[in-house]
Undergrad: 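Have a look at the structure that comes next, please.
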Number of protein chains: 2
Amino acid sequence: MNLRQLAEHLQLSQTTVSRALNGYPEVSEDTRQRVIRAARELNYSPNSRAKGLATGRSMAIGHVIPVSDRHQMVNPVFGDFIAGAGEVYAASGYDMVMSLVGEAGEEDLYRSIRARGNVDGMVVHGPRLDDCRIALLNDLGMPFVVHGRATRIEAPYAWVDSNSERAFERATNHLLDLGHRRIALVNGHEDMDFAWRRRLGYETALAARGLAPDPATMCAGEMTELYGHEVARRLLEGPEPPTAFLVSSLIAAIGVRRAAQDLGLAPGRDVSIVTHDDDLGYMKNGADVPIFTATRSSVRDAGRHAAQMLLSMIAAPQAPRPTRLMEAEFILGASTGPAPI
Amino acid sequence: MNLRQLAEHLQLSQTTVSRALNGYPEVSEDTRQRVIRAARELNYSPNSRAKGLATGRSMAIGHVIPVSDRHQMVNPVFGDFIAGAGEVYAASGYDMVMSLVGEAGEEDLYRSIRARGNVDGMVVHGPRLDDCRIALLNDLGMPFVVHGRATRIEAPYAWVDSNSERAFERATNHLLDLGHRRIALVNGHEDMDFAWRRRLGYETALAARGLAPDPATMCAGEMTELYGHEVARRLLEGPEPPTAFLVSSLIAAIGVRRAAQDLGLAPGRDVSIVTHDDDLGYMKNGADVPIFTATRSSVRDAGRHAAQMLLSMIAAPQAPRPTRLMEAEFILGASTGPAPI
DNA sequence: GTGAAAGCGCTAACAA
DNA sequence: TTGTTAGCGCTTTCAC
């Protein structure tokens, strides 16, 4: 069932039917009702390609998710972010199109996405400290929001992030308060902005107590169970084993925990293992200090906000963009002027 | 830069340019090279909406992911599946469009996806035992592949699944071999096909040793850390605490483990906790028996296969459709002996 | 308040 | 081997 058929069925022109369906004022209320009812009865939905071609909008948002070439690992946190964003898109009639992309040839991908015109805007995931995609997207004039930040990039851009630095500073303090002095940091690749910030928070907390970070207890890699396991095993079997682990991902923490068990250590008693994206972070963890930032639901909220921001940028391309909001569970930011919400 | 402009630039007709770019044979090799070079230089990519309108194909595959209304939980396993599928799509020039959808109003969603025509086929995730979407999609004539199965559905359809039943049977046997007699099952909602199969495997193993499953040690719910924590705490504090837990998800297992720790029990010593979608499943877990099915990489493989299958169904709509696709492949260590790695 | 007609950017008969 | 022409299904002037 397409517009022409619907129009014929109603004995009306395509124009009128289109107007009725799209809420244009110059249609009589009578016809509008008639049209709407018929559309529902006959199960008519406009063909989105045709609509897009005619309007120049595609009613879709692209999400580009970097996939590590080495371990082919997808960060589970994306799932929650995507879920939040998807909610907003669904409510506004947008589709979400995902591209999973290795690190090579990214630049071309963005250019071609632009040219093919199948998205009206995009969300950039997993930014690196000096991520060049931001400049590229600005050049291309494509509306975008970054999930995370790129600290070394000067250009203004909209972003939504959680406060990695503060989270890790607090987590480290928490462990220090419990009396730990050798605290291992199991981090993600530190060219990723979020991992870099986490390390910063960790080092800040140590420095505040006059402790120097020991390179031997800091490591960075792909956040898998295997990596967590391998690193923890090595450290625990080493000369000065850490008494606590601060782990940058729930998944890697599983490996760390398993390694401790394999060596006959009881997590929570013989060794403390703390991770930040754990929905149980607020529960007993050797003490009652809340240490989490990125619970499943806060990440979902972040996704919602990112999507809302992007859609409003698309709706009003000229409007000034929000600057920064909320420093509770996650932080939002952008280039100019105060933000809604 | 669009086709018309490119054609003008080359002093050729749009048709010829189009043909050259799309590999039609009737273009002279000379012009083809000239066209291709110009296209690259001028950074031309065809507008996918227009192309889709003209060809009737949208070069996109839809993935519909059910999101629980209650806990708004996204199963992390989707991430890996999606990653595998995405790889295949990218290689074939397809986009992946995702819809996250609550349980209500699903039916309409599929109808409207069909009508809007923005995907050429779809992957259905999270099927329930008697999932009605299969009949619906068959009715709609939309090519689709199910990630999982719907046991109570008679109609033929293509699916990719891991062998939940056998995995849980083996895991249960493993725990029984270790001497456990009270083994708790912490399962997903049992209207979901995968959860139902897992329970089946669990019960089969018990029955084989003449043990009756105790309803008090079986529970099903949303697979979150919080749920795992709550259930484990309740069971461990109960009159006859289980000595082992068989947990249907890595995430829930984290909650179970935490609950045990909170009660002063050491996982792996005082209580065994076994989960199947754990990349460390092949490692020491109280013994050296491999018990996992769904490692991150096997799920990714499943995604690849599903995508490939779907694309070939789309390419050859008349060809007889497979009604089943790869099962054993994804049961690493079960059908083919000890696990790789 | 309604309709006719001209595109949006591309592909695919059909002609030459 | 190349070009002409007519759509794909919709929106959007412009005219009535």
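Scope of the values below: all heavy atoms of this structure, side chains included, with no hydrogens, waters or symmetry mates.
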Undergrad: Can you figure out which of C:dC10, C:dG9, D:dC10 approaches the side chain of A:N2 most closely?
TA: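 Closest nucleotide to the A:N2 side chain: D:dC10.
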Undergrad: Calculate the interatomic distance between B:L10 atom CG and D:dG3 atom C1'; express it in whole Å.
TA: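 Between C1' of D:dG3 and CG of B:L10: 15 Å.
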Undergrad: Indicate the ring-plane relationship of A:H125 and A:F78, choosing parallel, tilted or perpendicular according to the 30° and 60° boundaries.
TA: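 Judged by the thresholds at 30° and 60°, the geometry between A:H125 and A:F78 is perpendicular.
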Undergrad: Could you check which of D:dG3, C:dC8, C:dA12 has an atom nearest any side-chain atom of B:T16?
TA: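 My answer, after comparing the listed nucleotides, is D:dG3.
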Undergrad: What's the CZ-C1' distance between A:R4 and D:dT11, to the nearest Å?
TA: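 It works out to 16 Å between those atoms.
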Undergrad: Indicate yes or no for a side-chain donor-acceptor contact from A:S48 to the backbone of B:R116 under 3.5 Å, with no hydrogens or angles considered.
TA: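 Side chain of A:S48 to backbone of B:R116: a pair is present.
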Undergrad: Does the ring center of A:H9 lie less than 6.0 Å from the ring center of A:Y44?
TA: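 When the ring centroids of A:H9 and A:Y44 are compared, they turn out to be at least 6.0 Å apart.
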Undergrad: Considering just the side-chain nitrogens and oxygens of B:K51, establish if one lies under 4.0 Å of OP1 or OP2 belonging to C:dT11.
TA: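 Looking at the OP1 and OP2 atoms of C:dT11, one of them is under 4.0 Å from a side-chain N or O of B:K51.
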Undergrad: Quick one: A:Q14 CD to D:dT11 P, roughly how many Å, whole number?
TA: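 In whole Å, D:dT11 P lies 9 Å from A:Q14 CD.
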Undergrad: Establish, with yes or no, whether the OP1 or OP2 oxygen of D:dG9 is under 4.0 angstrom from a side-chain nitrogen or oxygen of A:Y44.
TA: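 Answer is no, no contact under 4.0 Å.
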Undergrad: For a quick check, tell me whether the side chain of B:R116 and the base of D:dG9 share a donor-acceptor pair closer than 3.5 Å.
TA: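 Check fails, no donor-acceptor contact within cut-off.
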Undergrad: Please state whether the phosphate of D:dT11, meaning OP1 or OP2, lies under 4.0 angstrom from any side-chain nitrogen or oxygen of A:S18.
TA: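 For A:S18, the contact criterion (side-chain N or O under 4.0 Å from OP1 or OP2 of D:dT11) is met.
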Undergrad: Kindly indicate, with the supporting measurements, whether the criterion side chain to side chain donor-acceptor pair (under 3.5 Å) is fulfilled by B:R57 and B:Y94.
TA: CA-CA 11 Å; B:R57 309 262 242 82; B:Y94 275 79; 3.2 Å; yes
Undergrad: Does A:E26 have more than 12 heavy atoms from other residues, nucleotides or ligands lying within 6.0 Å of its CD?
TA: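 Count over threshold, so yes.
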Undergrad: Whole angstroms only, please: what is the CD-P distance between A:E8 and D:dG9?
TA: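 In whole Å, D:dG9 P lies 12 Å from A:E8 CD.
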Undergrad: On DNA chain D, check which nucleotide each of A:S45 and B:R19 is closest to and give me the residue with the more 5' one.
TA: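 Looking at the nearest nucleotide for each, B:R19 comes out on the 5' side.
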Undergrad: How close or far is atom P of C:dG9 from atom CE of B:M1, stated in whole angstroms?
TA: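 Atom-to-atom, B:M1 to C:dG9, this comes out as 12 Å.
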Undergrad: Taking CG from B:L53 and C1' from C:dT11, how many angstroms apart are they, rounded to a whole number?
TA: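 Atom CG in B:L53 sits about 11 Å away from atom C1' in C:dT11.
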Undergrad: Can you identify which nucleotide, out of C:dG9, D:dG3, C:dA12, has its nearest atom closest to the B:N47 side chain?
TA: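 Nearest listed nucleotide: C:dG9.
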Undergrad: To the nearest Å, give me how far apart CZ (B:R34) and C1' (D:dT1) are.
TA: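 So the CZ-C1' distance, B:R34 to D:dT1, works out to 13 Å.
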Undergrad: Report yes or no: is there a donor-acceptor pair, N or O only, under 3.5 Å between the side chain of B:T15 and the base of C:dA12?
TA: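 Counting by modelled atom types and ignoring angles, a donor-acceptor contact under 3.5 Å is found here.
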Undergrad: Do the rings of B:H63 and B:Y89 sit parallel, tilted or perpendicular, given the 30° and 60° boundaries?
TA: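 The arrangement is perpendicular - the two ring planes meet at more than 60°.
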Undergrad: For A:R49, answer base if it contacts any base atom (sugar-phosphate contacts may also be present), sugar-phosphate if it contacts only those atoms, and nothing otherwise; contact means non-hydrogen atoms under 4.0 Å.
TA: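 Nothing: the residue A:R49, judged by heavy atoms under 4.0 Å, touches no strand.
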Undergrad: Nearest of C:dG9, D:dG9, D:dT11 to any side-chain atom of A:T55?
TA: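 Between C:dG9, D:dG9, D:dT11, the one nearest the side chain of A:T55 would be D:dT11.
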Undergrad: Please check the phosphate of C:dT11 (OP1 and OP2 only) for any side-chain N or O of B:Y24 closer than 4.0 Å.
TA: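 False: B:Y24 side-chain N/O out of range (4.0 Å or more) of C:dT11 OP1/OP2.
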Undergrad: Among C:dG1, D:dT1, C:dC10, which nucleotide has an atom closest to any side-chain atom of B:E26?
TA: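 Looking only at heavy atoms from C-beta outward on B:E26, the closest nucleotide is D:dT1.
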Undergrad: What is the distance, rounded to the nearest whole Å, between atom CG of B:L3 and atom C1' of C:dC8?
TA: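 Result: 13 Å.
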